[in-house]
Amino acid sequence: MFKLFDIQDIYYRKEKEECWRARSAFKLLQIDEEFNIFEGVKRVVDLCAAPGSWSQVLSRKLYLPAKQSPALKDGELPLIVAIDLQPMAPIEGVIQVQGDITNARTAEVVRVSDKSEGRVVRSLILHPFIHRALSNIYIHYNF
């Protein structure tokens, strides 16, 4: 019988040991290790976010270190918004929007959540989709 994830798979075991919601967290961690995509990022929108493993990575790599920084000033916490049609369990530092990413009202919720008041800050939009086992990652500097 075919198993989707073999329990001998290292990432399956690590996912369970490190309390990630899915093995895809390791894909984003490896991309960041290779390309340093989180450096200087202050705003992130995680599209099609459920079950939330990429949002977990964002919380651990951006939000939690900023929150624990003694040099933190008001309004300097990263903005992380996760959008999906499916509900997700809460993640510290992540604003969750249950909605359709193609709906203008969903985009308005993201805009209202953004408190940067027109300042240009480094932003990252994450949208995983299967296309020959790759993910597309869009890096924007203003949205």
*Does Trp54 reach the main-chain N or O of Ser24 with its side chain, forming a donor-acceptor pair under 3.5 Å?*
yes
*Without swapping roles, check the side chain of Gln96 against the backbone of Ala49 for a donor-acceptor pair under 3.5 Å.*
no
*asked:* Is it true that, when you exclude Glu108 itself, more than 12 heavy atoms of the residues, nucleotides or ligands shown sit nearer than 6.0 Å to its CD?
replied: yes
_Show the nearest heavy-atom pair for residues Leu58 and Asp46, with the distance to one decimal._
CD1-CB, 4.2 Å
_Which residues pass the salt bridge (charged side-chain N to carboxylate O under 4.0 Å, His left out) test with Asp84, not counting sequence neighbours?_
none
*asked:* Between Arg21 and Met88 (side chain of the first, backbone of the second, donor and acceptor by atom type, cut-off under 3.5 Å), is there such a pair?
replied: no
*asked:* If I take atom CD from residue Gln30 and atom CG from residue Leu28, how far apart are they, to the nearest 0.5 angstrom?
replied: 10.0 Å
*Donor-acceptor pair, Ser53 side chain versus Trp20 backbone, under 3.5 Å?*
no
_For a quick test of reading the model, state the closest non-hydrogen atom pair linking Ala71 to Glu76 and the distance between them._
O-OE1, 4.3 Å
*Counting N and O atoms only, with roles assigned by atom type, does the side chain of Ser59 sit under 3.5 Å from a partner on the main chain of Gly93, one being a donor and the other an acceptor?*
no
*Contact summary for Ile91 and Gly52, nearest pair of heavy atoms*: CD1-O, 3.5 Å
_Closest non-hydrogen atom pair between Pro78 and Leu62, with its separation_ = CG-O, 3.6 Å
*Of all heavy-atom pairs between Val94 and Ala82, which one has the smallest distance, and what is that distance?*
CG1-CB, 3.7 Å
*Taking side-chain contact (heavy atoms from CB on, under 4.5 Å) as the test, write out the residues that go with Gln98, two or more places apart.*
Pro87
